[in-house]
Amino acid sequence: LRKIRLRGKKFDIFYTRGELFDHGLDSFAVWLITTEMYSLAGSCRQWSVHPFMMAFVLTGAMAGFYFSHWEKYVTGVLYLPWSYDAAQLLSLVMYIAAWLRGVEALQFYIPVLGVTFSECYAATLLITTLVFSPICSLMNVYLSYQAGTLKQTKLSEQLAPGILLGLTLLLPIVWAFLSRADIMNTETRWIYWLQGIIYSNATCRLIVSQMSSTRCNRWSWMIAPFCVILPAVYVGALEGPNEVLVLKAYTVGVSLLHIHYGMCVVRQLCDHLKICCFSITKK
């Protein structure tokens, strides 16, 4: 898919399709790359981090990737964060280490700091995604403002992408916090999956908005069920096995909706450009 993007730059009309494929799938891969550290370290409290802490790390990683597209929505220029590529390289090293020596290779304390490798990894990811990434994006926005090249000149429109980002990232964590079934500890990967899939859909919608020069979405029907789920969990009307069943059904449902959304967007895009999906020749 990255080859599609690179070849799309050479064949002009294919760049849009390639960007959507590349970055749209990257937005889905963000939560997979981040949670693999949790999978490698396991749930052992001595060598791993608490699931809630991991949820905030995951939130930071996804927000860091979103910032770059938020920046493009405002400035019209895309600068991908280097932290994403660095995380992929680190993941490769971790998998090789685990393959050669088992997961025990990652169970050690960092000299001088006195923290485990998992804790150091989580802290580093939080700092790079929630500190360095927004600073770089704000700096690029300011430079664009100074040059008079901003694509979005109204402050309300510049801040608009943050609404859907905040909702998609925080609502699943709020559910886990209120849960009487303790889904963060008992259904950890399901809650990560739910957060990751609705985030990916929000990011894809932002990518489409920035490419088509249209206003970004402030709301997504994918998060509408939270309006019923959260009050039900809070008052105790939804708990135990029923809550777990709703979590899994909701996650599978939004996953299918996201796949359907992606297929429809690509099909409509190809029809508009009069091209075939996996070909560099026109129809």
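Scope of the values below: all heavy atoms of this structure, side chains included, with no hydrogens, waters or symmetry mates.
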>> Using 0.5 Å steps for rounding, measure from the CE atom of Met54 to the CG atom of Leu125.
In response: 7.0 Å

>> Do Leu247 and Val174 sit in one hydrophobic cluster, given that two such residues count as connected whenever their side-chain heavy atoms are within less than 4.5 Å of each other, even indirectly?
In response: yes

> Transitively linked via ILVMFWY side-chain contacts under 4.5 Å: Val265 with Ile259?
Replying inline: no

> Of Thr203, Leu206, Asn217, Val74, which is the lone residue that meets side chain to side chain contact (heavy atoms under 4.5 Å, CB included) with Pro161?
Replying inline: Leu206

> Taking atom SG of Cys120 and atom CZ of Phe108, what is their separation to the nearest 0.5 Å?
Replying inline: 8.5 Å

> Are Ile96 and Tyr121 grouped together when hydrophobic residues (ILVMFWY) are joined by side-chain heavy atoms under 4.5 angstrom apart?
Replying inline: no

> Do Leu256 and His260 come close enough that some side-chain heavy atom pair is under 4.5 Å?
Replying inline: no

> Rounded to the nearest 0.5 Å, how far apart are CD of Gln210 and NZ of Lys151?
Replying inline: 7.0 Å

> Out of Glu71, Lys72, His69, which residue meets the side-chain hydrogen bond (donor to acceptor under 3.5 Å, both in side chains) rule with Ser137?
Replying inline: Glu71

>> Could you walk me through whether Val208 and Tyr261 satisfy the side-chain contact (heavy atoms from CB on, under 4.5 Å) test, starting with their C-alpha distance in whole Å, then the side-chain angles of each, then the deciding distance to 0.1 Å, before giving a yes or no?
In response: CA-CA 12 Å; Val208 171; Tyr261 169 79; 3.7 Å; yes

> Should Thr75 and Ser144 be marked as a side chain to side chain donor-acceptor pair (under 3.5 Å) after you check the CA-CA gap, both sets of side-chain angles, and the distance that decides it?
Replying inline: CA-CA 6 Å; Thr75 65; Ser144 181; 5.2 Å; no

>> Could you check whether any side-chain heavy atom of Ile197 comes within less than 4.5 Å of a side-chain heavy atom of Trp31, counting everything from C-beta outward?
In response: no

> When hydrophobic residues are tied together by side-chain contacts of less than 4.5 Å, even through go-betweens, does Val254 share a cluster with Trp221?
Replying inline: yes

> Between Pro51 and Thr188, what is the shortest heavy-atom contact and its length?
Replying inline: CB-CG2, 4.1 Å

> How are the rings of Tyr250 and Phe226 set to each other: parallel, tilted or perpendicular (split at 30° and 60°)?
Replying inline: perpendicular

>> In the structure I gave you, are the side-chain heavy atoms of Phe117 and Met94 within less than 4.5 Å of one another anywhere?
In response: yes

> What are the two closest heavy atoms between Thr34 and Ala61, and how far apart are they?
Replying inline: OG1-CB, 3.4 Å

> Is the centre of the Phe65 ring less than 6.0 Å from the centre of the Phe28 ring?
Replying inline: no

>> With a 4.5 Å cut-off on side-chain heavy atoms, are Trp190 and Val252 touching?
In response: yes

> Which heavy atom of Ser179 sits nearest a heavy atom of Asp182, and at what distance?
Replying inline: OG-N, 3.1 Å

> Do Phe177 and Met184 touch side chain to side chain, with heavy atoms closer than 4.5 Å?
Replying inline: no

>> Do Trp219 and Ile163 have side chains that approach each other closer than 4.5 Å (heavy atoms only, starting at C-beta)?
In response: no

> Are the charged groups of Arg180 and Glu243 less than 4.0 angstrom apart, N to O?
Replying inline: no

> To the nearest 0.5 Å, how far apart are NE2 in His258 and CZ in Arg205?
Replying inline: 9.5 Å

> Which heavy atom of Cys216 sits nearest a heavy atom of Ala160, and at what distance?
Replying inline: SG-CB, 3.7 Å

>> Hydrophobic clustering (ILVMFWY, side-chain heavy atoms < 4.5 Å, transitive) - are Leu159 and Phe67 grouped together?
In response: no

> Any side-chain heavy-atom pair from Val57 and Val49 closer than 4.5 angstrom?
Replying inline: no

> Does the side-chain contact (heavy atoms from CB on, under 4.5 Å) test come out yes or no for Thr59 and Ile173, once each step is laid out?
Replying inline: CA-CA 9 Å; Thr59 298; Ile173 296 180; 3.3 Å; yes

>> Does any part of the side chain of Met222, heavy atoms only, come nearer than 4.5 Å to the side chain of Leu257, both counted from C-beta?
In response: yes

> Between Gln195 and Leu169, which heavy-atom pair has the shortest distance, and what is it?
Replying inline: NE2-O, 2.8 Å

> Can you tell me if CZ on Phe52 sees more than 12 non-hydrogen neighbours from other groups inside 6.0 Å?
Replying inline: yes

> Can you tell me how far the OG atom of Ser27 sits from the CG atom of Asn201, to the nearest 0.5 Å?
Replying inline: 8.5 Å

> Got a sec: does the OH of Tyr142 have more than 12 other heavy atoms crowding it under 6.0 Å?
Replying inline: no

> So how far is it from Leu164 CG to Ser220 OG, rounded to the nearest 0.5 Å?
Replying inline: 6.0 Å

> Which atom pair, heavy atoms only, marks the closest approach of Pro172 to Ile198?
Replying inline: CG-CD1, 3.8 Å

